[in-house]
There are 2 protein chains.
Amino acid sequence: MADGPTINTIAERAGVSIASVSRVLNGLPTRQDTVRKVMAAADELGYVRNAVARSLKSRRTHQVAFAMADVGNPAYLAMLREIQPVLKAAGYRLVLHSTDAVVADEIDVLHSLGERYVDGLIMSPLRVTEAHLEMLAAARAPVVIIGSVPEGTRVDNVRADSRTGVKLAIDHLHELGRRRIGMINGPLDTVPGAARGAAYREALGDLGLPYDEDLVQIGDFYRAEGARAVGELLARVPDVDALMCANDLIALGALDVLRAAGRRVPDDVAVVGMDDTDLAAASWPSLTSVSLGSAERGKAAAELLLDRLQGGDREPRVVTVPPRLVIRASTRQEEGSPA
Amino acid sequence: MADGPTINTIAERAGVSIASVSRVLNGLPTRQDTVRKVMAAADELGYVRNAVARSLKSRRTHQVAFAMADVGNPAYLAMLREIQPVLKAAGYRLVLHSTDAVVADEIDVLHSLGERYVDGLIMSPLRVTEAHLEMLAAARAPVVIIGSVPEGTRVDNVRADSRTGVKLAIDHLHELGRRRIGMINGPLDTVPGAARGAAYREALGDLGLPYDEDLVQIGDFYRAEGARAVGELLARVPDVDALMCANDLIALGALDVLRAAGRRVPDDVAVVGMDDTDLAAASWPSLTSVSLGSAERGKAAAELLLDRLQGGDREPRVVTVPPRLVIRASTRQEEGSPA
DNA sequence: TTGTAGGCGTTATCAG
DNA sequence: CTGATAACGCCTACAA
C-alpha cells in the first residue's frame, strides 16, 4: 500500500510540468504528443485523482448527506432506496447519518454542514424544534427537509399529506360499514403523531361520526408497543370493529393481538396501517395501508437538492406528495384470513 | 450563505497568527490569554473546521464506505443497521454505495478507493471474479469483504456458513418427518447460490435421502421469481412436503403460491427461508428461517475494519459467523395457518 | 509561547 | 501550447 502517485510523479515520468498533466487529465486542449506521454505515464503508474485535494480546490465534494431518523425504519429505507440512485446518476456520493430521532444528533448534523464534507443535505426529522429552525436559517449548504416545517421557513421541503391519507382510510372503513373505528397512534409530540391524530378526529367529523376518546390509544411507532396499545384498547372497547394504525409496524402488532384474541381480520376487526412498507405486503392477512409516498418523497427530495446544487438561488420550493390507499386483505372481506 | 470563516479570519480578528489559532483549536499548550482571544473570535464568527482541508493534510477522511449489492435487500440493510452505529461511535462517517450486484460497479468502487475519499471499505459482493481479486490485491486502503473469498486471498473477511445453515434446516425438516424436501434456489453463478445448492445436496446425503433433480428449482432471489419457481416445482412434484428456500423473499413467494394452491403450511408443505429478515417475522404464517447472522456479520466487518484502520499490518483475519435456525409457524405444526 | 514558512495534491492564472 | 506559481484551508517543524 505504498503512497499513490500524484500529478508530480506523472510529470516527472512524462517529462512535462504538473500544469500539463492537469490539463491532459482534465481534457483541456493540449498537443497530441504531450497527451500521449501523460496518459502513458498515468496508466503505468495506476494514477487515480485525489478527491480530497480536488475538493479543497474546487470547493465541491460531490457528496450529499442523508440524515434519517432511524436506519431501522422501513419507511426511511424506502426513501433511501430512491435517493441513492438519483444521486449516483448525478455523480454524487451518499453519506448516511442515522440520528435515532435524537434532536441533539440532528442539530449536530446540521452543524457539521459547516465542515464542508458534503455539498448538501437531505434530512427527515421526526420533530422540528426552534433549534432546528435556527440552524436551518444559518446552514452553510443547501438543505432539503422531508417532513413539514412551520409556515414561512425558507427551506426546500417535501411533505406528505397524512391528513388526507388518514381520511382516505377512515372513509374506506366507513364504506365497509365500520362505525366503531379505533385509532392507535404514536407519541403526540412528534410531527406525524400530531398530524395523524388530528386527521383522525377530523375525518370522523366529516362523516358525522362521534369522536370517542376511548377509541384512541397512544403507544409508540413499533410493533411491540403497537400490540400493547391494541391490547388495552380491546379490553376497554370490545366492540371496536376497525383499527386505524399510525404506521405499519403498529398495524402488525395489531394483527398479532387480534389473532391471539381470536378476532378475525377483517371480518371482526378491519385493520389499516400507514406508510405502505414492504411489511404490509408480506404480512398475512396482507395489510391495507395508506401510502404516504415514502419512495416518491425521497426521490423528490433528491431532485430538489440536485436542482439547488446546480441551479442557484430561486425561492424555496415545497413539494407535497399525495397519499394513496392500498387496499389489501386486512380490510377486504372476501379474502381475509379465515381463522 | 457567505463564505465561511477560516483560521485566517480568526487570526486577524484575534490579532494572532494562524499557527496560534490552529494550536488553540487543537488543544495544544498555549497561553491562557491567547486561548481566550481565539475562542472568542471563533465563537463570534461561528467557525467550523473545514474537513476537506484537514483531510488533505492529515491523509485521513474519517469516512468509510459500505458497498452493498442491493439497497433493497433486507439482508444487507440488516448489515447496514449494525455497521452504522459502530462507525459512528468511532467517529467515522458512512458513505453508502449500491452496486446492484453489477460487477463493473463493484470494480468501480474498488478503483475509486484510490481517490482517497474514504479511509477504508466494507464490501459485500454477490459474485467474486478475477477482477475483484486483482483490485483487492492492489487496493490503496483497507478492505473488508463480507462473503467468502477464495482460499489464500489476503483480505480481512467475514463469512456466513450457509452450508451448516442449510443442514440445520434440512435436519429440522427431516425430524418433522418430511422426506420430499424441495429446494428453491437463486442463480448458481452467485456465491450464495452455489453454496446453498451444494449444501442442500450434502445435507440430504448425510440423512441418507436421495438427491432428486426434480426437487430442485432455480429462480432468482426475489419474491415473484420465487413464486414462479415454486409453481413449476409444484406442478412437477405434487407430493413435495417441504421447501427449502434460498432466501426469505423466495420463501414469501412460496407462501403466496401454496396459499393460492390451497396447500396448508406447514401441514401439507413446510417452508423454510433464509437470512431471517424482518419479513420472516412479519409474514403469516411466520416464517421459519435460517439466520446467517447478517447483523453479526455487519458488526464484525465494521470492527475488523476499525481495527485495521487503527492497528496496522497484522495478518488478514477471517471471521465466520455461525448460522442459527429460527423456528416459526411455517414449520411448527400446531400453530400453522389453518386454511 | 509565538510567528513564519512549507507542504498536503489540485486547479487555474499568467507570462513565455 | 507550456511551465512557473499562486491559491484552496489546515497543520507543523523550525526559528525567534
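Since the model is a prediction, treat every value here as computed from it, not as a measurement. Residue numbering restarts at 1 for every chain, and letters A, B, ... go by the order of the sequence lines.
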OP1 or OP2 of D:dG9 versus the side-chain N and O atoms of B:T6: is any pair under 4.0 Å? no
Atom CZ of B:R36 and atom P of C:dT2: how far apart are they, to the nearest Å? 12 Å
Without decimals, in angstroms, what is the distance between A:I7 CD1 and D:dG3 C1'? 13 Å
Categorize A:S20 for me: base, sugar-phosphate, or nothing, with a 4.0 angstrom heavy-atom threshold over every strand shown. sugar-phosphate
From A:E115 atom CD to B:S55 atom OG, the distance as rounded to the nearest 0.5 Å: 9.5 Å
In this structure, how many angstroms lie between the P atom of D:dC10 and the CD atom of A:E115, rounded? 11 Å
Reckon B:N8 touches a base, only the sugar-phosphate, or nothing at all at heavy-atom distances under 4.0 Å? nothing
What's A:S22 touching, base or sugar-phosphate or nothing? Going by heavy atoms closer than 4.0 Å. base
Taking the side chain of B:A19 as its heavy atoms from C-beta onward, which of D:dA4, C:dT11, C:dT4 lies nearest to it? C:dT4
Does B:Y117 place a side-chain N or O at less than 4.0 Å from the phosphate oxygens OP1/OP2 of C:dG9? no
Starting at atom CG of B:N50, determine the distance to atom C1' of C:dG9, rounded to an integer number of angstrom. 15 Å
Any carboxylate oxygen within less than 4.0 angstrom of a Lys/Arg side-chain nitrogen, looking at B:E44 and B:R13? yes
Let's see if you can work this out: which of D:dC11, D:dG9, C:dG9 has an atom nearest to the side-chain heavy atoms of B:I18? D:dC11
Measure from OH on A:Y47 to C1' on C:dG9 and round the result to the nearest Å. 7 Å
Which residues pass the ring pair (Phe, Tyr, Trp, His ring centres under 6.0 Å) test with A:Y92, sequence neighbours left out? A:H62
Looking only at N and O atoms, is any donor in the side chain of A:K57 or the base of D:dA7 less than 3.5 Å from an acceptor on the other one? yes
Taking the nucleotide of DNA chain D with the nearest heavy atom to each, does A:V16 or A:L56 sit closer to the 5' end? A:V16
Whole angstrom value for the distance that separates P of C:dT13 from CG of A:N26: 12 Å
Roughly, in whole Å, what's the span from CZ in B:R60 to C1' in D:dC11? 16 Å
Can you tell me if B:K299 has over 12 outside heavy atoms packed within less than 6.0 Å of its NZ? no
Against the side chain of B:R31, the closest entry in C:dA12, C:dT1, C:dG3 is C:dT1
Quick one: label A:T34 by what it contacts on the DNA or RNA (base, sugar-phosphate, nothing), any heavy atom closer than 4.0 Å. sugar-phosphate
Decide if atom CD of B:E130 counts as having more than 12 heavy atoms of other residues, nucleotides or ligands within a radius under 6.0 Å. no
Does C:dG9 have OP1 or OP2 sitting under 4.0 Å from an N or O in the side chain of B:R59? yes
Round to a whole Å and report the spacing from CG of B:L28 to C1' of D:dT12. 9 Å
Under 4.0 Å, counting only non-hydrogen atoms across every strand here, what does A:R23 touch: a base, just sugar-phosphate, or nothing? base
Quick check for you: to the nearest 0.5 Å, what is the distance between B:D119 atom CG and B:T61 atom OG1? 3.5 Å
